[in-house]
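Because only heavy atoms are used, hydrogens play no part in the values below, and waters and symmetry mates are left out as well, while side chains stay in.
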Amino acid sequence: MGAETYPARVTARLDQPLSRWLWLVKWLLVIPHYVVLAFLWLAFVVLSVVAGVAILVTGRYPRGVFEFNVGVLRWTWRVQYYAIAAFGTDRYPPFTLDDDPGYPAHFDVEYPERLDRGLVLVKWWLLAIPHYLIVAAFAGGAWATWHFGGLISVLTVIAGVIVLFTGSYPASIYDFVLGMNRWVLRVAAYASLMTDEYPPFRLDTGGTENRPEPQDWPEPQDWPEPQDLPA
């Protein structure tokens, strides 16, 4: 992984070819998932409060609660990748909190051994406000569930129309949509107290997060001399 990888990692693979018409009804097909997720998100909120108290007292996020909450975000990401937040696959999402290695969308968060006790009181509301404003533009008012209304869903529908007529998902739209979803999930992980590392104001586009290490760049002495450059 690259030197600048955030503790909340979002990866995905665009499945090709995609059905030209299935995206028109995916929002209907995932209704069973939304019913289950409604209960999971209720538990997520309650357990996040429990985790906040535990962090305040002990400086640690209870491991079982952490795995459950990561699982809820992971499940949500898979459903939204299939549906309105990407239309990136025609494979129906699994009903599980665990990672599915065969599914094309993945989410994980590095477990923090220690967390700052004081930050727990301010990072989820005060410190995250600038990110909330950006994420609201990306995902709409109900950004926690990536519902209709934001730039993500607008571009995804445009991509769906293009797939309908051409059978091909535009790579530039896909990369940009993945970058916005990654931003949303990073903020969700930070606001859920899963990490103390502030989310970067950076749109990391595409389905992977690998970045070149500093040593992978050529040293200055290896750069071409001006006379060696083409005219």
Give the intermediate values and the outcome of side chain to side chain contact (heavy atoms under 4.5 Å, CB included) for residues E110 and T195.
CA-CA 8 Å; E110 181 181 342; T195 179; over 6 Å; no
Applying the 4.5 Å side-chain criterion to the ILVMFWY set and letting contacts propagate, would Y34 and V25 be lumped into a single cluster?
yes
Shortest non-hydrogen contact from N181 toward A85:
ND2-O, 2.8 Å
Between L14 and G88, the two heavy atoms sitting closest are CD1-O, 3.6 Å
Using the rule that two of Ile, Leu, Val, Met, Phe, Trp, Tyr join whenever any of their side-chain heavy atoms come within less than 4.5 Å, decide whether L29 and W21 are in one cluster.
yes
Nearest 0.5 Å, what's the CG-CG distance between L73 and L97?
10.5 Å
Closest non-hydrogen atom pair between R78 and P93, with its separation:
O-CG, 4.0 Å
Single-linkage hydrophobic cluster V46~V70, side-chain heavy atoms < 4.5 angstrom
no
Taking the side chain as everything from C-beta on, heavy atoms only, tell me whether L40 gets closer than 4.5 Å to F44.
no
Shortest non-hydrogen contact from R182 to T11?
NH2-CA, 4.4 Å
Between D116 and K123, does any NZ, NE, NH1 or NH2 come within less than 4.0 Å of an OD or OE carboxylate oxygen?
no
Are I158 and L155 packed together at the side-chain level, in the sense that at least one heavy-atom pair is separated by less than 4.5 angstrom?
yes
For D108, check salt bridge (charged side-chain N to carboxylate O under 4.0 Å, His left out) against everything at least two apart and list the hits.
R9, R74
Nearest 0.5 Å, please: how far is CG in L185 from CE in M180?
12.5 Å
How long is the gap from CG on L151 to OG1 on T156, to the nearest 0.5 Å?
9.0 Å
Chi angles and distances behind the ring-ring contact (aromatic ring centres under 6.0 Å, His included) call for F107, W77
CA-CA 7 Å; F107 174 77; W77 168 228; 8.3 Å; no
Hey, are the side chains of F95 and P32 touching, using non-hydrogen atoms and a 4.5 Å cut-off?
yes
Going by atom types only, do W41 and T76 share a side-chain donor-acceptor pair under 3.5 Å?
yes
For the residue pair L47 and V72, establish whether any side-chain heavy-atom pair is separated by less than 4.5 Å.
no
Joint cluster assignment, V154 & L133, ILVMFWY side-chain distance < 4.5 Å
no
Using atom types as modelled and distance alone, determine if a side-chain donor or acceptor of Y81 lies under 3.5 Å from a backbone N or O of R13.
yes
State, with a plain yes or no, whether a side-chain heavy atom of I134 is found less than 4.5 Å away from one of V187.
no
Is Q80 close to I152 at the side-chain level, that is, under 4.5 Å between some pair of heavy atoms?
no
Side chains of F87 and L22 in contact at under 4.5 Å (non-hydrogen atoms):
no
Flag yes if V109 and L127 sit in one hydrophobic cluster, no otherwise; membership is Ile, Leu, Val, Met, Phe, Trp, Tyr, and two members link when side-chain heavy atoms are under 4.5 Å apart.
yes
I55 and R117 have their tightest heavy-atom pair at O-CG, 3.4 Å
Do any N or O atoms from the side chain of E209 and from the backbone of V10 form a donor-acceptor pair under 3.5 angstrom?
yes
Could you check whether any side-chain N or O of R91 sits under 3.5 Å from a backbone N or O of G102, counting only pairs where one atom can act as donor and the other as acceptor?
yes
Out of the candidates W27, W75, W23, Y92, only one should pair with Y82 under the ring pair (Phe, Tyr, Trp, His ring centres under 6.0 Å) rule; please name it.
Y92
Which distance, rounded to the nearest 0.5 Å, do you find between the CG of D204 and the CH2 of W183?
9.0 Å
Testing the basics here: between P199 and R186, what is the closest heavy-atom pair and its distance to 0.1 Å?
CG-O, 4.1 Å
Is there a donor-acceptor contact under 3.5 Å from the side chain of S192 to the main chain of M194?
no
Side chain of R60, backbone of E113: donor and acceptor closer than 3.5 Å?
yes
Which pairs, with at least one residue in residues 49-74 and sequence neighbours excluded, count as a ring pair (Phe, Tyr, Trp, His ring centres under 6.0 Å)?
Y61-F66, F66-Y111
For the atom pair CG (L178) and CG (L203), what is the distance rounded to the nearest 0.5 Å?
10.0 Å
Side chain to side chain contact (heavy atoms under 4.5 Å, CB included) partner of L56, the single match among L115, L193, V120:
V120
A side-chain contact here means heavy atoms from C-beta on lying under 4.5 Å apart; do F201 and H131 qualify?
yes
